[in-house]
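Structure first, commentary second.
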Amino acid sequence: MAQWVYIEDLKNHIGNEVELRGWLYNKRSSGKVKFLIIRDGTGFVQGVMVKGSVPSELFEQYKDLTLESSIILSGTVREEKRAPQGVELDIKDFNILQKSVDYPIPKVREDNIPDVGVLLPKRHLWIRSKKQWALLRIRDTIEKSIEDFYHERKFVRIDAPILTPSACEGSTTLFKTDYFGEPAYLSQSGQLYVEAACMSLGKVYCFGPTFRAEKSKTRRHLMEFWMVEPEIAFYELDDIMALSEEFVEYLVKRVLDERKEELLILGRDISKLEKIKRPFARITYDEAVEILKSKGLDFEWGDDFGGDEETVISESFDTPVIVHRYPAKIKPFYMKKDPKNPEVVLNMDMLAPEGYGEIIGGSQREEDYDVLLKRMQEENLSLDDYKWYLELRKYGSVPHSGFGLGIERTIVWISGIRHVREAIPFPRLLDKIYP
RNA sequence: UCCCCGGUAGCUCAACCGGUAGAGCACCUGACUGUUAAUCAGGGGGUUGGGGGUUCGAAACCCUCCCGGGGAGCCA
């Protein structure tokens with residue numbers, strides 16, 4: 001009886017008879033030679049059946065092999081230069097576990113890719129297709145790399161709560177739930193909690209889902225997305241700018257090292273990723289405004305950047321670009337004002353190149369009790385809700401800084417795709433929560 | 001909430017000035033011993049998103065509703 005192996009390991013079994021367990025991805029016939037493309041989660045491989053080399057009943061079962069039927073097959077692994085993966089399987093036998101009838105997603109064909117309106121309601125099946133498979137594997141590598149990056153640097157992971165009593169940042173809309181008769185909200189950021197945690201553990205990060213009930217309907221927005229938020233005691237703005245550069249460079253390198261095949265499946269221009277090396281460009285908000293004006297955009301100092309502005313700024317550089325020291329009035333209360341110019345705050349945004357836009361937002365936090373209290377009063381925030389947050393400034397307050405990186409936007413950029421909805425297994429979009 | 005684009009076969013799209021519905025893929029039948037989006041031959045498949053209007057005649061023009069996509073605001 002043949003040994004069950006995974007497709008990604010086939011190159012170690014050349015000449016052996018093995019068993020594959022998977023699904024039929026595609027098939028082709030040339031009369032007396034039949035080709036079956038099999039996928040098993042770890043990869044894709046072509047199986048070959050020649051008339052006369054297998055029992056004729058089996059050969060004729062080709063017609064029962066419909067797209068996405070589950071199948072167990074056995075055969076001999078053969079090195080094959082014509083095959084994209086370098087190996088093929090000479091089929092000896094196969095057994096259809098369950099025949100798939102009328103699979104709703106058409107066979108892969110570049111001139112016939114269904115509209116997302118068709119694909120999204122079939123997301124549970126769409127993720128079987130090759131590009132989605134590649135994207136989910138890249139996502140997994142990025143998530144693993146995040147863990148590795150921070151643990152290699154002695155950070156402690158802190159899981160921030162998802163159910164929270166009030167807003168973390170104030171401005172955006174929250175999903176409201178019922179907490180034993182009291183209102184509770186789904187977290188839109190773990191930041192306030194990692195600020196508390198870094199006073200216990202020094203270098204911390206949280207990594208989990210966040211929720212924004214904004215009526216956003218663009219390729220950059222999800223209602224539920226994942227964010228990693230490092231926060232470090234005694235770090236100032238320059239320290240987190242350096243950390244964010246090291247972090248993003250690391251993520252890109254790991255994907256290049258471990259998921260090149262997947263990037264090629266997605267048609268990514270890898271040379272663009274190979275340019276992602278420190279130092280990244282760093283400019284002030286003021287300098288960014290100058291770039292916009294020199295490119296002929298109508299832009300007033302004091303406004304926030306929209307999608308168009310981000311695109312123009314990021315396209316001016318080959319690396320990601322950090323824009324720092326934004327006008328205080330467009331930024332949240334917890335950001336520390338620049339002692340050299342109180343009109344601006346000690347914050348940083350990182351824009352991915354090629355027009356992909358913002359992937360990181362961060363800042364040095366206000367650590368002075370009185371200054372923070374005044375800022376909160378100006379914003380009309382509930383001091384009861386934030387009493388614990390203010391207490392962090394009463395008992396051994398220190399300078400501290402952190403940032404948040406959006407996982408899906410990072411995947412979109414590194415993978416070179418268009419829309420965040422393909423960067424998460426089951427996207428939650430405006431008015432769309434199925435499947 | 002606002003702005004823009006779209007809805008024709010299972011999927012992707014075409015149909016000129018308003019003249020009565022067409023192709024590729026998929027599916028079914030057949031051919032083919034090396035296909036990589038296989039190819040070739042044949043076949044079935046439509047209340048043109050719903051309703052109303054203009055017209056001798058509407059997929060096309062007008063009104064309205066529904067659905068989908070993109071963007072603004074907000075942000076990662």
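Below, chains carry the letters A, B, ... as their sequence lines are ordered, and counting in each starts from 1. Computed from heavy atoms alone, side chains included, the values below leave out hydrogens, waters and symmetry copies.
- Residue contacts shown for V420(A) are absent, as no nucleic acid heavy atom lies under 4.0 Å away.
- Its glycosidic angle being within 90° of 0, C17(B) falls on the syn side.
- When the C1' atom is compared between U55(B) and C61(B), the two are found 10 Å apart, to the nearest whole Å.
- Nearest nucleotide to the R220(A) side chain, out of G71(B), C25(B), C74(B): C74(B).
- Stacking annotation: F35(A) is not stacked on the base of G34(B) (requires ring centroids less than 5.5 angstrom apart and an interplanar angle below 30 degrees).
- Y386(A) and F333(A) have perpendicular rings, their planes meeting at more than 60° on a 0 to 90° scale where under 30° would count as parallel.
- Nucleotides G49(B) and C67(B) are separated by 16 Å at their P atoms, to the nearest Å.
- The listed nucleotides are A76(B), G73(B), U35(B); the one nearest the side chain of T218(A) is G73(B).
- Nearest to the side chain of H221(A), among G24(B), G68(B), C75(B), sits C75(B).
- The nucleotide whose nearest atom lies closest to any side-chain atom of E80(A) is, among U12(B), A76(B), G34(B), G34(B).
- F44(A) is linked by a ring pair (Phe, Tyr, Trp, His ring centres under 6.0 Å) to Y25(A), W133(A), counting only residues two or more places apart in sequence or in another chain.
- Contacts between residues 43-61 of chain A and RNA chain B, defined by a heavy-atom separation below 4.0 Å, involve Q46(A), V50(A), listed by number.
- Each of A76(B), U35(B), C11(B) was ranked by its minimum atom distance to the side chain of P106(A); first place goes to C11(B).
- Residue G31(A) is classed as a base contact, given a heavy-atom separation below 4.0 Å to a base.
- Closest contact between the side chain of S30(A) and the listed nucleotides G71(B), G34(B), A76(B) involves G34(B).
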